[in-house]
Amino acid sequence: MCVVCGCATGHVPAHPHSHEHAHEGPDHDAAHARAHALGLPHHHGPVQAAVVAVHPETGDLHYGAGSARVSVPGMSQARAIKLETDVLGANNALAADNRAHFAAHGVTAYNLVSSPGSGKTTLLCATIEALKQRVPHLPVAVIEGDQQTSNDADRIRATGAPAIQVNTGKGCHLDAQMVGDAFSRLSLHGAAHAHTPAEQGGAVDALLFIENVGNLVCPAMWDLGEQAKVAILSVTEGEDKPIKYPDMFAAATLMVLNKVDLLPHLNFDVARCIEYARRVNPGIEVLLVSATRGDGLDAWLDWLLQAPSAHVSAAPESTEAQLRRRVAELEAKLQALEAAR
């Protein structure tokens, strides 16, 4: 998992090698210097063996079999757990600040996660246009996450909605600090919202959409302060994605099956996909949508405009609670590993 490399902050959060060692010659010194400059873990002494489970019949390899559920070359499971605990803990504190900040401004934030090409931006553009018709006075804004370009933010701004592009460089997901920085630059941050539920068609005062970097792995464990994660899965991707990338669908409150207008041309089993999603998350809600043709958009707007508390009970465990539990598990595993030394 990317938390162990520190990609969210641009550096390894706790320097993973000790300076109390004897250097082993010029080649070692050069390797040490390169690793230090790149912010990479550098091991002194015997290299840590990878933790991998091998299937006895097929020979398939599973590198998530260790206590850290991830394998990093040269890094022990204890070190990986310590890094994940540190990084998630720091991010969670910032996410809590974001959540309080959103609440203070009457903003309901949704974190849209998916693989690249699922149609997130097209769905957002269609959603903004539909919201204009249903609730014309509802403030809506977007934070766009990509590694490079402002293409998606430009598409959002063309609808008339304010948007801030966040480019992550080599980063593979948004983190809470990025979202907080972007929110402070949006008009929602300074606006006062005094609309009544009758005007809005629901209990939502303002909507903030956070379109995460296209990635079904890393954004799963990063709390941004959102009300809920929405996993968008295109029917062109295959119905088995929820069990291939279970952490993402376990963290989501809603799965939007997008591009359903293409179903007649595909071999995609909708029922099986939903069954897979509920295998990893029994409480997940599901909507079938075509952003280009308009199928399911009314149901999608109904979901967005519900009172935010309605989505808390729909998920088996809130993102914040899930992350707190994960940090507690990591701390317990770290203590057990240290005690066994």
Side-chain angles (χ1 to χ4, degrees), residues 1-16 39 41 68-70 72 78-113 141 143 145 164 166-186 188-190 206 208-213 215 217-230 247-248 250-253 308-309 311-312 315-335 338:
M1 194 172 182
C2 67
V3 289
V4 298
C5 72
C7 69
T9 55
H11 66 281
V12 176
H15 195 48
R69 297 194 299 173
V70 67
V72 181
R79 189 60 187 164
I81 289 172
K82 180 65 166 64
L83 285 173
E84 185 174 351
T85 303
D86 289 347
V87 175
L88 284 180
N91 182 79
N92 290 354
L94 293 172
D97 290 342
N98 286 350
R99 189 168 283 108
H101 206 176
F102 296 154
H105 289 273
V107 172
T108 300
Y110 292 111
N111 182 3
L112 275 55
V113 292
I143 295 172
I164 295 291
V166 177
N167 288 145
T168 61
K170 292 185 177 181
C172 50
H173 55 82
L174 295 175
D175 63 32
Q177 180 172 342
M178 296 174 185
V179 168
D181 290 345
F183 181 64
S184 69
R185 290 162 171 77
L186 284 168
L188 285 184
H189 182 264
L208 173 65
F209 294 104
I210 304 167
E211 183 177 347
N212 221 311
V213 178
N215 183 346
V217 182
C218 302
M221 288 300 292
W222 292 85
D223 184 7
L224 306 180
E226 72 269 21
Q227 181 66 34
K229 284 184 173 67
V230 177
D247 287 347
M248 183 63 78
T253 301
S309 59
H311 303 316
V312 175
E317 185 176 38
S318 71
T319 299
E320 183 176 12
Q322 183 185 49
L323 290 168
R324 288 182 183 279
R325 177 176 55 79
R326 176 62 176 155
V327 170
E329 289 174 355
L330 291 168
E331 290 174 341
K333 288 178 180 178
L334 183 60
Q335 292 175 0
E338 290 176 344

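Heads up: numbering here begins at 1 and tracks the sequence. These figures come from a predicted structure and were not determined experimentally.
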Evaluate the side chain to side chain contact (heavy atoms under 4.5 Å, CB included) criterion for residues Asp223 and Arg99: first the C-alpha distance (whole Å), next the side-chain angles of each, then the deciding distance (0.1 Å), finally the verdict.
-> CA-CA 10 Å; Asp223 184 7; Arg99 189 168 283 108; 2.8 Å; yes

Can you label the angle between the Trp222 ring and the His173 ring as parallel, tilted or perpendicular, going by 30° and 60°?
-> parallel

Any ion pair linking Lys82 and Asp86 (charged N to carboxylate O, less than 4.0 Å)?
-> yes

Any sub-3.5 Å donor-acceptor pair from Asn167's side-chain atoms to Gly169's backbone N or O?
-> no

Do Met178 and Asp175 touch side chain to side chain, with heavy atoms closer than 4.5 Å?
-> yes

Cys172 backbone acceptor or donor facing Asn215 side chain under 3.5 Å = yes

So, His105 side chain and His189 main chain: donor-acceptor pair closer than 3.5 Å or not?
-> yes

Hey, could you give me the CG/NE2 distance between Leu94 and His101, rounded to the nearest 0.5 Å?
-> 13.0 Å

Under a 4.5 Å cut-off applied to non-hydrogen side-chain atoms, are Leu186 and Leu208 in contact?
-> yes

With sequence neighbours excluded, residues passing side-chain contact (heavy atoms from CB on, under 4.5 Å) with Asn98 = Phe102, Ala176, Val179

Walk me through it: do Leu224 and Ile143 pass the test side chain to side chain contact (heavy atoms under 4.5 Å, CB included)?
-> CA-CA 11 Å; Leu224 306 180; Ile143 295 172; over 6 Å; no

Smallest separation among heavy atoms of Thr108 and Gln227, with atom names = CG2-CB, 4.0 Å

Check Gly145 against Leu174 and note the closest heavy-atom contact, atom names and distance.
-> CA-CD2, 3.9 Å

